[in-house]
Colleague: 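If you scroll down you'll find the structure; I have some questions about it.
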Number of protein chains: 2
Amino acid sequence: MKMTTSNTANINTRLSHLQEETKFSISVDCVIFGYDTSKLKVLLIDCNMPPYVGQKSLIGELLEARETTTQAAKRILKNCTSLKDLYLEEVSVYSHPDRHPLGRVVTLAYYSLISITEYEKHIEDVENKRPEWIELEQIKDLAFDHQKILRDAYNRLQRTVREKPIGFSMLPKKFTLIQLQNFYETVLNIELDRRNFRRKLMALGLLIDLKEVQNNVSHRPAKLYSFDFEKYKQKQNIGTLNFEI
Amino acid sequence: MKMTTSNTANINTRLSHLQEETKFSISVDCVIFGYDTSKLKVLLIDCNMPPYVGQKSLIGELLEARETTTQAAKRILKNCTSLKDLYLEEVSVYSHPDRHPLGRVVTLAYYSLISITEYEKHIEDVENKRPEWIELEQIKDLAFDHQKILRDAYNRLQRTVREKPIGFSMLPKKFTLIQLQNFYETVLNIELDRRNFRRKLMALGLLIDLKEVQNNVSHRPAKLYSFDFEKYKQKQNIGTLNFEI
DNA sequence: AAGCTTTGTGTCAATTTAACACAAAGAATT
DNA sequence: AATTCTTTGTGTTAAATTGACACAAAGCTT
């Protein structure tokens, strides 16, 4: 009996909460990483909202009435890259009450990895502005709290790239082992021994030797490989696969 | 010039967004883990909201007007445990439009670790209900999407406990090496070799030998240790400390 | 043909991990 | 008081992994 009354009271409390309590604008911001000739880059747009006019910002949108934050992130990515099925990972929530000059906006940040080459094929403007690839190392003073978001996203990328083969979505479909090594060296900001790196990667058994070589290079051409996503899925299902670099 | 007009247009667009567009209730849900005699437990309350009456749920509250989600999580933890400075880690956002029966509520999940012994000293009711410790293994059919939240939180806990010494906040201040080993075996759901475990832990140099032993045990009493948080902080600042178990 | 640049490859030492058995401490029992 | 019981505490060895390191081969350029 007691339970029943207490139940009712509680439902009412909750109902009134939902009706009367504070509601929030929610946005989704995307850190879009790309990789090109040993540089990690991020797709940014000009911010024209005071007091951040002249600074760059991440690409974001407000969450719509009936979409999940993930759906919103995919929508944003599709709008600005025309690419689908991109790798997408949640970074964190940013909810400081004063983080946005126009009022309270709670934002969810995601990061995504794309091939700059593929991107170049279908460039799209965002809010009538052309997004730009900026080298990660040169990015500073982003608008809002986007510098912190970027830092967090990069940390997440560094962690995940060590554990999962997500890097391949930033590389060309056919790549050389040296390109792959350069990629890891750039993203992780470390140096790797060429022979040991090759040994490790080949030992994973997930690279397909395409029996092709580079051409138009003025030195010994390197062999081309592609990543065996199918085999990776299978191994993943069977047991624990660790992709430690 | 063009830039200027385009800027203005954009600010207006954004302003109207914030004023008119959909706003959302945001809640924060806490997965509160505790550990007791080789069992991992979670603090749950009865849910009395249809259609989930009779089921258990995580402890959560709506986000208030001027607090961050982290602050909200701390408020919730303080309310239901009277404990402060608990370990707290973000899990994920849950934003399916139909996840809540009373309307759209986007939730941020956090998990936290507490010592059940400390908790027992200051038990607090939540919404006039007494939360209960339930063994993780026995938890099923939680209300809302809380089962998924719990799964995600446990995954995060398993990952973090391998990398950082967060487990010590769930153990008594003085513990034996066997207790510590049992803790890791329970949380990670694996078996560890006693000798190798001891060697590894002692090699970290972060356990303080208290020169005390258990008493009132009907066998050889084990030595007691405590964790050297100070030294850990220092080592963390100096270089890369990995706490791999 | 010689030279240049970059690729491709194997071994060995050092370190780390995994497996494993028996003596010692104290309480309980006889 | 001696024996038994349970659990703690400890060291060695083999196997696997990692890190360091140098030279020949391929193709383009001159």
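Every chain is numbered from 1, with letters handed out A, B, ... down the list of sequences.
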Colleague: Could you tell me the separation between the CZ atom of A:Phe197 and the P atom of D:dA20, rounded to a whole number of Å?
Modeller: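 Distance check: A:Phe197 CZ to D:dA20 P gives 16 Å.
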Colleague: Could you check, using the six-membered ring where one of them is a Trp, whether B:Phe175 and B:Phe168 have ring centers closer than 6.0 angstrom?
Modeller: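 Distance test on ring centres: under 6.0 Å, yes.
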Colleague: Using a 4.0 Å heavy-atom cut-off across all strands, classify A:Ile178 as base, sugar-phosphate, or nothing.
Modeller: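 Counting heavy atoms under 4.0 Å across all strands, the contact made by A:Ile178 is with sugar-phosphate only.
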Colleague: Determine the contact category for B:Val217: base if any of its heavy atoms lies under 4.0 Å from a base atom, sugar-phosphate if only primed atoms, P, OP1 or OP2 are that close, otherwise nothing.
Modeller: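 If one applies the 4.0 Å heavy-atom cut-off, B:Val217 turns out to touch the sugar-phosphate alone, with no base involved.
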Colleague: If I take atom CD in residue A:Glu191 and atom P in nucleotide D:dA20, what distance separates them, rounded to the nearest angstrom?
Modeller: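 The answer, rounded to whole Å, is 11 Å.
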Colleague: Using atom CE of B:Met202 as one end and atom P of D:dT10 as the other, report the distance to the nearest whole Å.
Modeller: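 So the two atoms are 8 Å apart, to the nearest Å.
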Colleague: Classify the ring geometry of B:Phe229 against B:Phe227: parallel below 30°, tilted from 30° to 60°, perpendicular beyond 60°.
Modeller: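 Perpendicular: the ring planes of B:Phe229 and B:Phe227 meet at over 60°.
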Colleague: Whole angstrom is fine here: how far is it from CZ in B:Arg220 over to C1' in D:dT6?
Modeller: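 Between C1' of D:dT6 and CZ of B:Arg220: 12 Å.
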Colleague: To the nearest Å, how far apart are B:Gln214 CD and C:dA27 P?
Modeller: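 After rounding, the reported distance stands at 11 Å.
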Colleague: What's the CZ-P distance between A:Arg194 and D:dA20, to the nearest Å?
Modeller: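 About 15 Å, once rounded to whole Å.
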Colleague: Could you give the CG-to-P distance, from B:Asn196 to C:dC20, as a whole number of Å?
Modeller: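 In whole Å, C:dC20 P and B:Asn196 CG are 11 Å from each other.
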Colleague: Quick check on side-chain hydrogen bond (donor to acceptor under 3.5 Å, both in side chains): which of B:Asp152, B:Asp145, B:Asp29 does B:Tyr94 satisfy it with?
Modeller: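 When B:Asp152, B:Asp145, B:Asp29 are each tested with B:Tyr94, the side-chain hydrogen bond (donor to acceptor under 3.5 Å, both in side chains) holds only for B:Asp152.
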Colleague: On the 0 to 90° scale, with breaks at 30° and 60°, tag the B:Tyr111-B:Tyr87 ring pair as parallel, tilted or perpendicular.
Modeller: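 Aromatic pair B:Tyr111/B:Tyr87 classed tilted.
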Colleague: Specify the separation, in whole Å, of atom NZ of B:Lys223 and atom P of C:dA25.
Modeller: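 Taking NZ of B:Lys223 and P of C:dA25, I get 12 Å after rounding.
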Colleague: Does the side chain of A:Glu163 come within less than 4.5 Å of B:Arg159's, by heavy atoms?
Modeller: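 In short, these two side chains touch, coming nearer than 4.5 Å.
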Colleague: Using five pairs at either end of the helix from C:dA1-D:dT30 to C:dT30-D:dA1, determine the angle between the two local helix axes and round it to 10 degrees.
Modeller: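 The angle separating the two end axes equals 0°.
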Colleague: Heavy atoms, side chains only, cut-off 4.5 Å: are A:His146 and A:Arg99 in contact?
Modeller: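 They are in contact (side-chain heavy atoms under 4.5 Å apart), so the answer is yes.
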Colleague: Below 30° counts as parallel, above 60° as perpendicular, anything between as tilted: where do the rings of B:Tyr119 and B:Trp133 land?
Modeller: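 The rings of B:Tyr119 and B:Trp133 stand perpendicular, inter-plane angle above 60°.
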Colleague: Of A:Arg195 and B:Arg195, whose nearest nucleotide on DNA chain D comes first from the 5' end?
Modeller: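 That would be B:Arg195.
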Colleague: Need to verify one output field. Residue with the more 5' nearest nucleotide on DNA chain D, A:Lys200 or A:Ser218?
Modeller: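 Here A:Lys200 is the residue nearer the 5' end.
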Colleague: Taking the minimum atom-to-atom distance to the side chain of B:Ala222, which one of C:dC20, D:dA26, D:dG9 wins?
Modeller: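 My answer, after comparing the listed nucleotides, is D:dG9.
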Colleague: Nearest heavy atom decides the nucleotide; on that basis, is A:Arg199 or A:His219 closer to the 5' end of DNA chain C?
Modeller: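 Whichever sits nearer the 5' end wins; that is A:His219.
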